[in-house]
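Below, chain A is the first sequence line, B the second, and so on; all start at residue 1. What you see is a predicted model; the values in this text were computed from it and never measured.
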Amino acid sequence: MTVRTRFAPSPTGYMHIGGMRTALFNWLWARHNNGSFILRIDDTDQQRNMQEAIGPILDAFRWLGLDWDEGPECGGDCGPYYQSQRRKLYDAGLQQLLASGQAYRDFEPAAETQAQREAAERAQQPFVSSRASLQLSAEQIQENLDAGTPHVIRLLIPRERQLTITDHVRGEVTWDCSLMPDPVIARSDGSPLYNFATVIDDSSMQITHVIRAEEHLSNTPIQVLIHEALGQQTPEWAHIPYVAAPGSKEKISKRKIDKYRKSPQFARLFEMGDEILGQIGLDATADALSPVMVAWYEQVGFTPAGVLNGLVRTGWSLDDRTELFSLAEMIEQFSLSRVIRSPAGLDPDRMLNFQSHWISELSDDARLQGCLGFLQRGGLLQDPVPAEAQQLTARVITLAGDRLRLFGDILSFREFFVAGEDYPFDEKAFAKRVLKKAETKEHLAALQAQLADASTWQAEALSGLLNTFLEQQSLRAGDVFPALRVCVTGKGQGPDLFETLELLGQERVLSRLTSSLQKAAKPEVG
RNA sequence: GGCCCCUUCGUCUAGUUAGGCCUAGGACAUCGGGUUUUCAUCCCGGUAACAGGGGUUCAAAUCCCCUAGGGGUCACCA
């Protein structure tokens, strides 16, 4: 039998990082088995702008390169793929259960049921349905129906059952059905509830493996019972642990972003993001854009491979040594049996580490393409990027080397993209490397004269010039190089100085040196 | 509170199914050293864990029991 897995998001308008991990596991299991991956929109209770609500979700899949064989946009043999359009199927299932007596119309007022539930809770007893409506005669039921008395449809739980499932990650899990209330499967307006619609859909879409977060574990006995009542085969189950917030065991949630901002584990990631998002005109404090959302990673310049590797290694491992997985390797190696049982916290440091690895695997051109958009949005490059600006960018990227961990990091090399001095200037570094020793200014002035006379402005020649200068003046590299760097880049450290000078160009180096020396002459100003 | 799940270094994890190869391995983070004009990279090294208590056994991270802690879920949400 071909494996068919599904991911069934409700249209919320964003893609949660934990949900993405669940989707990835489903996708990997399908691909690993040469099966199909289905995307289904669980919108039984939503009535909002669908495009707006599912767009970001589909975008996240597309960005990560996770394709779906059936679902929105592409359709498929088991469509439609929106629950809101599958009402006929649900109604038929409901009729079947009603006819077979495995479900019943419950006319008990909701307030009454609620009161019973509360009473049971107060008495510290498990709550089970009163089933008062089961005592109604056929005539009474018809009268109620004719009178339009509101009622829901409940599944009749077989209370004598002990129900055991064999879960791919939890093993055997057993429930005592005598402790379960009869679940509502259709609202008083006749519309189906999640547990019921899901079962109908999983069955009619021939889903073989339901891989979902463990918060659904308690829904499983109900779903098994519905499958059985309908005479359907049950899919195989795999309840994977939810993704926890860094350094905690709590499910990561978009409602706790303020708390995460203050957590030491998360701090670095937020800082990096804020720095970048601020420069490209996005609101870094918006709840919709945080490391809880997949979109955030794209917006700050993660690569899909980095995010994917991070996700697959939270809650799953191959063995005791393999950390790096390309998408192809994940497909090859993924298995449900090696999913971890306990919740795994999202680890920002490892995310970053995987990201640095995968960005370094990219071709020069891919890195260039990734960075250009950030420079444009940051206002440092025009929209059609002029050829020479592209060349410059490519050279800055090469120079930056592994300092470029995110595409968005290119924005921290602003000094190469502006003609004037509109870039951050590290005053502390300036004070330490330039102002601290009086003679440094003289050295820089002498050096500037030589740089002004330089006829060839290339790294190699500049290296020669600078080293010769050191010899002439009997100085050490540390006496001049760091100072020169601060003067022309505003930074206390960075990539190779000679390459930096070459890329900056003679004109900018000289003018920035001039203004730095002016500044040094009157340090009290500013 | 009921039901269910989980518990190995700071973090992600290997080892638990078939007890001995585990004086518990790896990775990330961290600390120290080396390379480098600085930073980053890279190389070398260090710190650091079987939740607790009882059993069973020649032998337990691994099996059994109890306790504790953490979490999920208890809707006419999904």
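You'll find that the side chain of A/Glu323 is closest to B/A27, out of B/U73, B/G71, B/A27. Comparing B/C5, B/A78, B/U73 against the side chain of A/Val173 picks out B/C5 as the nearest. Listed nucleotides B/G70, B/C39, B/A78 differ in distance to A/Gln493; the shortest reach to its side chain belongs to B/C39. Taking only side-chain atoms of A/Leu179, from C-beta outward, the nucleotide of B/G72, B/U73, B/C3 with the closest atom is B/C3. With distances taken from any side-chain atom of A/Arg338 to the nucleotides B/A78, B/G2, B/A14, the minimum falls on B/A14. The nucleotide whose nearest atom lies closest to any side-chain atom of A/Arg321 is, among B/C6, B/G26, B/U38, B/G26. Of the listed nucleotides (B/G26, B/U37, B/C39), B/U37 has the atom at the smallest distance from the side chain of A/Ala477. Nearest to the side chain of A/Arg403, among B/A14, B/U37, B/C39, sits B/C39.
Taking 4.5 Å as the limit, every side-chain heavy atom of A/Leu28 sits out of range of all side-chain heavy atoms of A/Trp316. Side-chain contact between A/Phe302 and A/Val294: absent, with no pair of heavy atoms (C-beta onward) separated by less than 4.5 Å. A 4.5 Å side-chain heavy-atom check between A/Leu466 and A/Leu501 finds at least one atom pair inside the cut-off. Here the side chains of A/Val184 and A/Phe196 are not in contact, with every heavy-atom distance at 4.5 Å or above. Counting only heavy atoms from C-beta outward, the side chains of A/Leu352 and A/Arg405 approach each other to under 4.5 Å. Counting only heavy atoms from C-beta outward, the side chains of A/Arg313 and A/Asp347 never approach each other to under 4.5 Å.
B/G33 and B/A40 have their P atoms separated by 13 Å, with the value rounded to a whole Å. Comparing the C1' positions of B/A49 and B/C12 gives a spacing of 13 Å, expressed to the nearest Å. B/U38 and B/G46 are spaced 26 Å apart, taking the P atom of each and rounding to whole Å. Rounded to a whole angstrom, the distance from the P atom of B/C50 to that of B/U7 is 15 Å. Nucleotides B/A51 and B/C6, compared at atom P, are 14 Å apart to the nearest Å. Of the C1' atoms belonging to B/G54 and B/A68, the separation is 14 Å, rounded to the nearest Å. Taking atom C1' in both B/G72 and B/G32, one finds a spacing of 43 Å when rounded to whole Å.
A/Asp189 comes within 4.0 angstrom of no nucleic acid atom, judged by non-hydrogen atoms across all strands. A/Arg405 comes within contact range of no nucleotide atom at all, as no heavy-atom separation falls under 4.0 Å. A/Gly478 comes within 4.0 angstrom of nothing in the nucleic acid, heavy atoms only. Contacts of A/Val184 with the nucleic acid, taken as non-hydrogen atoms under 4.0 Å apart, involve only primed sugar atoms and P, OP1 or OP2. Residue A/Asn219 is in base contact, counting any heavy-atom pair closer than 4.0 Å across all strands shown. Residue contacts shown for A/Gly315 are limited to sugar-phosphate atoms, with no base heavy atom under 4.0 Å away. Nucleic acid contact for A/Phe127: none, since no nucleic acid atom lies under 4.0 Å from a heavy atom of the residue. Nucleic acid contact for A/Leu217: sugar-phosphate only, since backbone atoms but no base atoms lie under 4.0 Å from a heavy atom of the residue. Within the nucleic acid shown, A/Asp402 comes within 4.0 Å of at least one base atom, counting heavy atoms only. Here A/Ala344 lies in heavy-atom contact (under 4.0 Å) with sugar-phosphate atoms only. Using a 4.0 Å heavy-atom distance criterion, A/Glu250 is classed as a sugar-phosphate-only contact. Residue A/Asp347 is in base contact, counting any heavy-atom pair closer than 4.0 Å across all strands shown. Counting any heavy atom pair closer than 4.0 Å across all strands shown, A/Arg170 reaches sugar-phosphate atoms only and no base atom. Within the 4.0 angstrom heavy-atom criterion, base atoms lie near A/Pro495.
With a 3.5 Å ceiling on both atom-pair distances, the Watson-Crick or G-U wobble partner of B/G10 is B/C28. Under the Watson-Crick or G-U wobble criterion, with both distances below 3.5 Å, B/A48 is left unpaired in every strand shown. Within the shown strands, nothing qualifies as a pairing partner of B/U35 under the Watson-Crick or G-U definition with both distances less than 3.5 Å. Pairing of B/C4, defined by two Watson-Crick or G-U wobble distances under 3.5 Å, is identified with B/G71. B/G19 makes up no base pair with any nucleotide shown, lacking Watson-Crick or G-U wobble contacts both under 3.5 Å. The nucleotide B/A40 finds no pairing partner, because no Watson-Crick or G-U wobble arrangement with both distances shorter than 3.5 Å includes it.
With hydrogens and angles ignored, a donor-acceptor pair under 3.5 angstrom links the side chain of A/Ser188 to the base of B/C76. Not a single donor-acceptor contact under 3.5 angstrom links the side-chain atoms of A/Arg341 to the base of B/C5. A/Glu214 contributes no side-chain N or O that forms a donor-acceptor pair with the base of B/G71 under 3.5 Å.
Ring geometry for A/Phe407 versus A/Phe374: interplanar angle of 30 to 60°, hence tilted. The aromatic rings of A/Phe61 and A/Trp68 sit perpendicular to each other, their planes meeting at more than 60°, with 30° as the lower class boundary.
For the OP1/OP2 pair of B/U11 and a distance below 4.0 Å, the side-chain nitrogens and oxygens of A/Arg313 include no atom meeting the criterion. The phosphate of B/A78 (OP1 or OP2) has a side-chain N or O of A/Arg187 nearer than 4.0 angstrom. Proximity of A/Ser317 to the phosphate of B/A14: a side-chain N or O atom is located under 4.0 Å from OP1 or OP2. The phosphate of B/U73 has OP1 or OP2 within less than 4.0 Å of a side-chain N or O from A/Lys251. In this structure, A/Asn353 reaches the B/A29 phosphate: one of its side-chain N or O atoms is under 4.0 Å from OP1 or OP2. At B/A29, none of the side-chain N or O atoms of A/Arg350 fall inside 4.0 Å of OP1 or OP2 (strictly under the cut-off).
Between the C1' atom of B/U38 and the CG atom of A/Asp426 lies a distance of 13 Å, rounded to the nearest Å. We find that CD1 of A/Ile222 is positioned 10 Å from P of B/A75, with the value rounded to whole Å. In this structure, CD1 of A/Ile340 is placed 16 Å from P of B/U17, rounded to the nearest angstrom. Across the protein-nucleic acid pair, A/Met272 atom CE and B/A40 atom C1' stand 12 Å apart, rounded to whole Å. For the pair A/Asp479 CG and B/U38 C1', the interatomic distance rounds to 13 Å; values are reported in whole Å. Across the protein-nucleic acid pair, A/Glu121 atom CD and B/C3 atom C1' stand 13 Å apart, rounded to whole Å. What separates CG of A/Asn309 from C1' of B/C28 is a distance of 12 Å, to the nearest Å. Going from atom CZ of A/Phe354 over to atom C1' of B/U13 covers 10 Å, rounded to whole Å.
A/Tyr194 and A/His216 have their aromatic ring centers within a separation under 6.0 angstrom.
Comparing A/Arg485 and A/Gln125 against RNA chain B, the residue whose closest nucleotide sits nearer the 5' end is A/Gln125.
Note that CZ of A/Arg117 is 4.5 Å distant from CZ of A/Phe127, once rounded to the nearest 0.5 Å.
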